[in-house]
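The structure appears right after this line, and notes come after that.
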Amino acid sequence: MPHFRTYDDAELHYRLLGPADSPLPPLVCLAGGPGRDAEYLGDLGGLSADRQLIIPDSRGTGASPAADDPSRYAFPQLAQDLEALRGHLGLERFALLAHDAGAAVAQAYAAGHPQRLTRLILVCPGSRLQGELPEDAREIFEARAHEDWWPEASVAVQQLTAASDMGEVRELLFAAAPLAYGRWDEPQRAHAATEGAQLGPVPRAGFWQGVDEQLRLALLAGLREVTCPVLVLTGDRDAVAGMRAGEFVAESFPDARVRPLHEVGHYPWVDEPALFAPLVEDFLHTT
């Protein structure tokens with residue numbers, strides 16, 4: 001697996017998917033979680049068919065080592081790792097896709113290095129950075145109470161708040177997993193089964209550490225200077241992030257559009273790969 005040296009001399013790893021000789025520019029892709037192994041992104045619904053994807057393992061996930069200093073897990077520091085990766089790759093400017101909590105890293109990067117981005121795609125982001133915690137994710141979840149999986153998932157969601165044993169947490173995560181998908185068929189079940197083993201508790205706990213109000217407001221101010229086009233994708237069955245959060249995120253940028261996806265949950269490339277990949281490609285090709 002290829003690797004690079006970041007700002008504090010840590011050796012971090014990344015994966016390359018897709019044709020190295022593609023005439024299309026590469027797309028850098030950030031995983032969420034936070035602290036989840038980027039393996040869950042797969043090939044993002046076939047995006048790697050014609051374009052090379054560059055997928056870093058953030059600190060303490062995948063093949064990248066744990067951080068010596070826990071503050072290195074905070075998302076503004078992860079944005080510094082992304083800038084080191086850009087320098088390693090020799091990319092003057094690049095397109096960036098980020099999912100879930102990875103969208104916070106992407107926004108911190110965009111605020112600090114707006115001139116480096118050609119396109120920014122934020123998939124099912126939360127809006128904690130915007131200071132907003134909308135309730136529509138809960139409403140989406142409750143609206144699906146008629147589905148067979150709902151009673152067990154509802155109990156699991158409540159029990160997760162008090163669970164500490166990792167074996168129990170993994171079982172509860174799978175029981176609650178249907179709320180993250182547009183439907184609960186075999187592809188969704190297979191994807192959800194990987195989550196428990198892919199989560200890193202320490203990177204997850206450190207993701208928001210040290211991000212005070214002053215820094216949050218400074219990052220938001222930086223987003224007003226981002227001139228590249230931004231696409232925010234949301235799913236109308238996303239009971240993890242909801243849809244309103246994506247609207248708040250889009251409002252932080254001068255040139256952003258929101259594209260709601262019908263019958264899609266928190267992982268659009270799993271629910272509707274034939275919709276997701278062409279939509280992203282169309283945006284990347286837009287002049």
Side chain [X], main chain [Y], donor-acceptor under 3.5 Å:
X: Asp271; Y: Gly182; result: yes
X: Ser22; Y: Gln52; result: no
X: Ser64; Y: Asp57; result: yes
X: Asp37; Y: Glu39; result: yes
X: Ser127; Y: Phe248; result: no
X: His285; Y: Glu281; result: yes
X: Arg244; Y: Asp136; result: no
X: Arg216; Y: Leu129; result: yes
X: Arg183; Y: Gln188; result: no
X: Arg72; Y: Leu78; result: no

Centres of the [X] and [Y] rings: under 6.0 Å?
X: Trp269; Y: Tyr181; value: no
X: Phe94; Y: Tyr109; value: yes
X: Phe207; Y: Tyr73; value: no

Using side-chain heavy atoms (C-beta onward) and a distance below 4.5 Å, is [X] in contact with [Y]?
X: Pro260; Y: Met243; answer: yes
X: Ser58; Y: Pro203; answer: no
X: Pro25; Y: Leu27; answer: no
X: Leu279; Y: Arg259; answer: yes
X: Pro76; Y: Leu215; answer: yes
X: His113; Y: Glu83; answer: yes
X: Ile140; Y: Asp236; answer: no
X: His191; Y: Tyr267; answer: yes

Closest approach of [X] to [Y] (non-hydrogen atoms, all atoms of both residues):
X: Ser252; Y: Leu223; answer: O-CB, 3.5 Å
X: Val270; Y: Pro187; answer: CG1-O, 4.0 Å
X: Gly242; Y: Ala137; answer: N-CB, 3.7 Å
X: Asp43; Y: Ser48; answer: CB-OG, 3.4 Å
X: Pro125; Y: Ala241; answer: O-CB, 3.7 Å
X: Phe283; Y: Leu120; answer: CE2-O, 3.7 Å

Looking at [X] and [Y], does any basic side-chain N land under 4.0 Å from a carboxylate oxygen?
X: Glu195; Y: Arg170; answer: no
X: Glu186; Y: Arg189; answer: no
X: Arg144; Y: Glu139; answer: no
X: Arg59; Y: Asp8; answer: yes

Would you find more than 12 non-hydrogen atoms of other residues, nucleotides or ligands less than 6.0 Å from [X] atom [atom1]?
X: Asp69; atom1: CG; result: yes
X: Asp68; atom1: CG; result: no
X: Gln214; atom1: CD; result: no

Stepwise side-chain contact (heavy atoms from CB on, under 4.5 Å) check, Gln80 with Thr6 = CA-CA 8 Å; Gln80 294 185 42; Thr6 189; 5.8 Å; no
Side chains of Gln130 and Gln107: do they bring a donor and an acceptor to under 3.5 Å?
->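 Indeed, the side chains of Gln130 and Gln107 share at least one donor-acceptor pair under 3.5 Å.
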To the nearest 0.5 Å, how far apart are [atom1] in [X] and [atom2] in [Y]?
X: His13; Y: Arg15; atom1: NE2; atom2: CZ; result: 13.0 Å
X: Leu173; Y: Glu168; atom1: CG; atom2: CD; result: 10.5 Å
X: Leu219; Y: Leu217; atom1: CG; atom2: CG; result: 9.0 Å
X: Leu117; Y: Arg86; atom1: CG; atom2: CZ; result: 10.0 Å
X: Arg138; Y: Leu179; atom1: CZ; atom2: CG; result: 11.0 Å
X: Leu82; Y: Gln77; atom1: CG; atom2: CD; result: 13.0 Å

Does the side-chain contact (heavy atoms from CB on, under 4.5 Å) test come out yes or no for Arg36 and Arg204, once each step is laid out?
-> CA-CA 8 Å; Arg36 186 171 178 182; Arg204 184 179 183 86; over 6 Å; no
For Asp148 and Trp184, run side-chain contact (heavy atoms from CB on, under 4.5 Å): C-alpha distance rounded to whole Å, both residues' side-chain angles, the deciding distance at 0.1 Å, then the answer.
-> CA-CA 10 Å; Asp148 292 342; Trp184 193 230; over 6 Å; no
Would you list the atom pairs, donor with acceptor, under 3.5 Å between side chains in residues 96-106 and any protein atom, with sequence neighbours excluded?
| residue | atom | partner | partner atom | Å |
| --- | --- | --- | --- | --- |
| His99 | ND1 | Tyr40 | OH | 2.7 |
| His99 | NE2 | His266 | O | 2.8 |
| Asp100 | OD1 | His266 | NE2 | 2.8 |
| Asp100 | OD2 | Gly33 | N | 2.8 |

Check step by step if side-chain contact (heavy atoms from CB on, under 4.5 Å) holds for Val230 and Asp255.
-> CA-CA 6 Å; Val230 179; Asp255 182 12; 6.0 Å; no
Linked, directly or transitively: [X] and [Y] (ILVMFWY side chains, under 4.5 Å):
X: Leu233; Y: Leu30; value: no
X: Leu231; Y: Leu41; value: yes
X: Phe276; Y: Ile121; value: yes
X: Val258; Y: Val226; value: yes
X: Leu44; Y: Val240; value: yes

